[in-house]
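Structure record follows, encoded as structure tokens.
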Amino acid sequence: MGELKNIVTEQQDILVRVKDAGRQAAMAGLGLLEVLKSEGEKLQALDFNAKADELKAKAVEIKDKLAAIDVKAEADKLQSVDVKAKTEELKAKALELKGKLASVDAKAELDKLLADVQKLFNELVAKGEKRAA
């Protein structure tokens, strides 16, 4: 009879944990809705005509700069580049980067990333709870 009671207790504990996880997921969903609503309001406030005019002006500026480039002079510059020296320079930089990469603590970076994800989830849950209230 004691084993049956333990099984029932374990099942109730699992049920409580599942309900809590479901509640947190629902609250995170509400929090996400709140964030999306806020971002949507920001998008509605944008003046798309002004942005279009700004992009047109930048396009004209880039077009003018491209028209001013002397392709032959640029080609001559490229031909004068010492490829062997550049190759050696790039090899040295690659070795330097390889050394830096070896010194990165992947586990610490992963732990930091997981902590950031958990923090974001908790913030969404809090926003969802605030919206539900």
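Keep in mind that what you see is a predicted model, and the values were worked out from it rather than measured.
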V125 reachable from L30 in the ILVMFWY side-chain graph, under 4.5 Å edges: yes
Listed partners of K119 passing side chain to side chain contact (heavy atoms under 4.5 Å, CB included), at least two apart: E123
Rounded distance [0.5 Å steps], NZ in K93 versus CG in L95: 13.0 Å
Heavy-atom closest pair (L124 atom, L32 atom, distance to 0.1 Å) is CD2-N, 3.7 Å
As a quick check of understanding, evaluate side chain to side chain contact (heavy atoms under 4.5 Å, CB included) for E89 and K86, giving each step before the final call. CA-CA 5 Å; E89 181 183 331; K86 285 290 184 187; 3.9 Å; yes
Pairs meeting criterion salt bridge (charged side-chain N to carboxylate O under 4.0 Å, His left out) with involvement of residues 9-26, two or more places apart: D20-R23, R23-E129
Steps toward side chain to side chain contact (heavy atoms under 4.5 Å, CB included) verdict (T87, V83): CA-CA 6 Å; T87 302; V83 176; 4.0 Å; yes
For residues 27-43, which residue pairs pass the side-chain hydrogen bond (donor to acceptor under 3.5 Å, both in side chains) check, not counting sequence neighbours? E39-K42
Calculate, to the nearest 0.5 Å, the distance between atoms CD and CG belonging to E109 and D111 respectively. 9.5 Å
Residues clustering with V16 (ILVMFWY side chains joined when closer than 4.5 Å, directly or via others): none
Please tabulate, for side-chain N and O atoms in residues 62-75, each donor-acceptor pair with protein atoms closer than 3.5 Å (sequence neighbours left out).
unit_1	atom_1	unit_2	atom_2	d
K65	NZ	E61	OE2	3.4
D70	OD1	K72	N	3.3
E74	OE2	K77	NZ	3.4

Residues passing the side chain to side chain contact (heavy atoms under 4.5 Å, CB included) test with Q118, sequence neighbours excluded, are F121, N122
